[in-house]
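Report on the following structure.
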Amino acid sequence: MSRNYGLGHRDMNKAGALALERARVGKTISFETEKKYAQSWSQFVRWAKEQGINRMEHITAAHVTQYGRGLADRVAADITAASTAQNLVLAVNRVMHMATRGHWKSVSSTGASGIAERCNVRQDTPQALDRSTYETLLEAAKGKVGERAIAVCELARELGLRSKEASLMDAQGALKQAREKGAVSVLDGTKGGRYRQVPITTDAQRAALERAATAQGTARAVMPAECTWKSWRGGELRQAREAMGGLHELRAAYACERYAALTGHRAPCAGGQILDKKADKEARKAISAELGHGRIEVVNAYVGGQL
């Protein structure tokens, strides 16, 4: 059998695309599925080539698991949605299943790879919602990482920023905005390039911005100038995330705090009840926008309860 399971091309990316095309011609998948899987397969092939893998016969379940764990890190850092990461692994499994004529044993995205389950309804209170617990975690993290990584954690907790958004933020410019306009623009590192504004209404927010601005120093952003996003994310920032229990938890604490401020009572996951459905929905709309999400339903994973 020729290279890439005899699919008719020596290039892994094109061989996978050919397998998908044949499946679409055979009416086992739709045109849209073919297109979506082809894009996902291309992403995996780029990763595989970085690992020195140049033919499909050399791809193993261990490789796909490793790839999935990298995606799981992105989900934990709130860079990639859990559904997106799971679909990326699914696409690899489907292409390999086609290429091996059914002999491929699929890798579980949530099991072996450790990708979080798709957005669900939060049941537990974020531990960082309690200020004393949050401060204890922060103090412990300070013994492990520098002030820039700590600043990212604080911006996640007080402004609901994702790790990349906080890292790439010009905190000095943001502090000036907060003082002049009572809101901060989030421009860099956003998911899908969606610009948004976060209202600055508390002393804790202003203090976090002040500390981040100091940590930034002469750099253009909170992230050290000598770091790439990849090296920063996988190094000191990862240590900070682990020490704090994950930045998604800090964003959840922000969301719960905002929910209480907007509705006048605690979030459902923190022991509150939905007393006014209209007020609940309006609060979720605001929080969704502030967190940079396009769907109001996603807020269920931060504050609990159902719409």
Side-chain angles (χ1 to χ4, degrees), residues 76-79 125-179 181-191 196-225 227 229 232-261 267 270 287 290-292 302-303:
D78 210 17
I79 299 167
T125 305
Q127 61 176 346
L129 182 59
D130 178 74
R131 283 284 170 181
S132 61
T133 300
Y134 167 64
E135 292 296 337
T136 299
L137 290 170
L138 202 61
E139 284 302 314
K142 287 177 181 177
K144 301 176 182 178
V145 299
E147 60 180 354
R148 290 175 182 271
I150 293 298
V152 170
C153 294
E154 290 196 88
L155 292 173
R157 171 62 182 85
E158 306 302 349
L159 278 74
L161 302 188
R162 299 181 177 95
S163 58
K164 192 171 187 179
E165 294 168 345
S167 297
L168 299 184
M169 173 174 272
D170 173 7
Q172 294 167 358
L175 179 59
K176 183 178 179 181
Q177 282 186 337
R179 289 169 173 168
K181 301 178 180 179
V184 165
S185 299
V186 185
L187 303 170
D188 299 314
T190 59
K191 188 178 291 185
R196 70 182 189 276
Q197 285 197 326
V198 176
I200 304 301
T201 60
T202 69
D203 290 339
Q205 289 178 308
R206 286 181 279 271
L209 283 169
E210 289 170 358
R211 286 189 288 271
T214 299
Q216 180 176 325
T218 58
R220 297 177 61 182
V222 174
M223 184 178 77
C227 290
W229 168 240
W232 172 243
R233 182 187 68 206
E236 191 174 349
L237 182 57
R238 181 170 186 168
Q239 294 176 332
R241 291 202 312 266
E242 291 173 350
M244 296 299 296
L247 263 67
H248 185 273
E249 287 298 292
L250 300 181
R251 276 163 52 86
Y254 167 83
C256 287
E257 201 165 77
R258 283 293 289 154
Y259 184 92
I287 294 167
E290 290 170 21
L291 291 175
Y302 293 87
V303 305

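Bear in mind that the values here come from a model prediction, so they are computed numbers and not experimental data. Position 1 is the first residue of the sequence, and the numbers go up from there.
Of all non-hydrogen atoms in Q216 and Q172, the two that sit nearest each other are OE1-N, 3.4 Å. A208 and E158 make their closest contact through CB-CG, 3.8 Å (heavy atoms, listed as atom of the first residue, atom of the second, distance). Contact record, A221 with L168: CB-O, 3.6 Å, taken as the closest heavy-atom pair. Across all their heavy atoms, M169 and L155 have their closest contact at SD-CD1, 4.3 Å. Of all heavy-atom pairs between R148 and P224, the closest is CD-CG, 3.4 Å. When all heavy atoms of V222 and A171 are compared, the pair lying nearest together is CG2-CB, 3.9 Å.
Every residue was checked against the salt bridge (charged side-chain N to carboxylate O under 4.0 Å, His left out) condition with R241, not counting sequence neighbours, and none meets it. Qualifying salt bridge (charged side-chain N to carboxylate O under 4.0 Å, His left out) partners for R238, counting only residues two or more places apart in sequence or in other chains: D73, E242.
Between K191 and R162, some side-chain heavy-atom pair lies under the 4.5 Å cut-off. In this structure, the side chains of V184 and L209 come closer than 4.5 Å at one or more pairs of heavy atoms. The shortest side-chain heavy-atom distance between D170 and L187 does not fall under the 4.5 Å cut-off. The shortest side-chain heavy-atom distance between Q127 and Y134 does not fall under the 4.5 Å cut-off. A 4.5 Å side-chain heavy-atom check between V186 and Q197 finds every atom pair outside the cut-off. You'll find the side chain of Y254 stays beyond 4.5 Å of the side chain of L129, heavy atoms only. The shortest side-chain heavy-atom distance between Q177 and S185 falls under the 4.5 Å cut-off. At a threshold of 4.5 Å between non-hydrogen side-chain atoms, the residues V152 and L247 count as touching.
A donor-acceptor pair under 3.5 Å is formed between the side chain of E236 and the backbone N or O of G146. Side-chain atoms of Q205 come within 3.5 Å of backbone atoms of P199 as a donor-acceptor pair (strictly under, hydrogens ignored).
Among residues at least two apart or in separate chains, salt bridge (charged side-chain N to carboxylate O under 4.0 Å, His left out) pairs with a member in residues 210-219 are E154-R211, R179-E210.
Between atom NZ of residue K142 and atom SG of residue C153 there is a gap of 10.5 Å, rounded to the nearest 0.5 Å. Separating the CE atom in M244 from the CD atom in Q239 is a distance of 14.5 Å, to the nearest 0.5 Å. Separating the CG atom in L161 from the CG atom in L250 is a distance of 11.0 Å, to the nearest 0.5 Å.
R258 has a carboxylate O that lies under 4.0 Å from a charged side-chain N of E290, or vice versa, which qualifies the two as a salt bridge. The pair E257-R157 meets the salt-bridge criterion, since a charged nitrogen lies less than 4.0 angstrom from a carboxylate oxygen.
Open room surrounds CZ on R220; 12 or fewer heavy atoms of other groups in view lie less than 6.0 Å from it.
Using modelled atom types and a 3.5 Å distance limit, the side chains of S167 and W229 yield no donor-acceptor pair.
Relative to the six-membered ring of Y302, R251 misses at least one condition, a distance below 6.0 Å or an angle of at most 45° to the axis.
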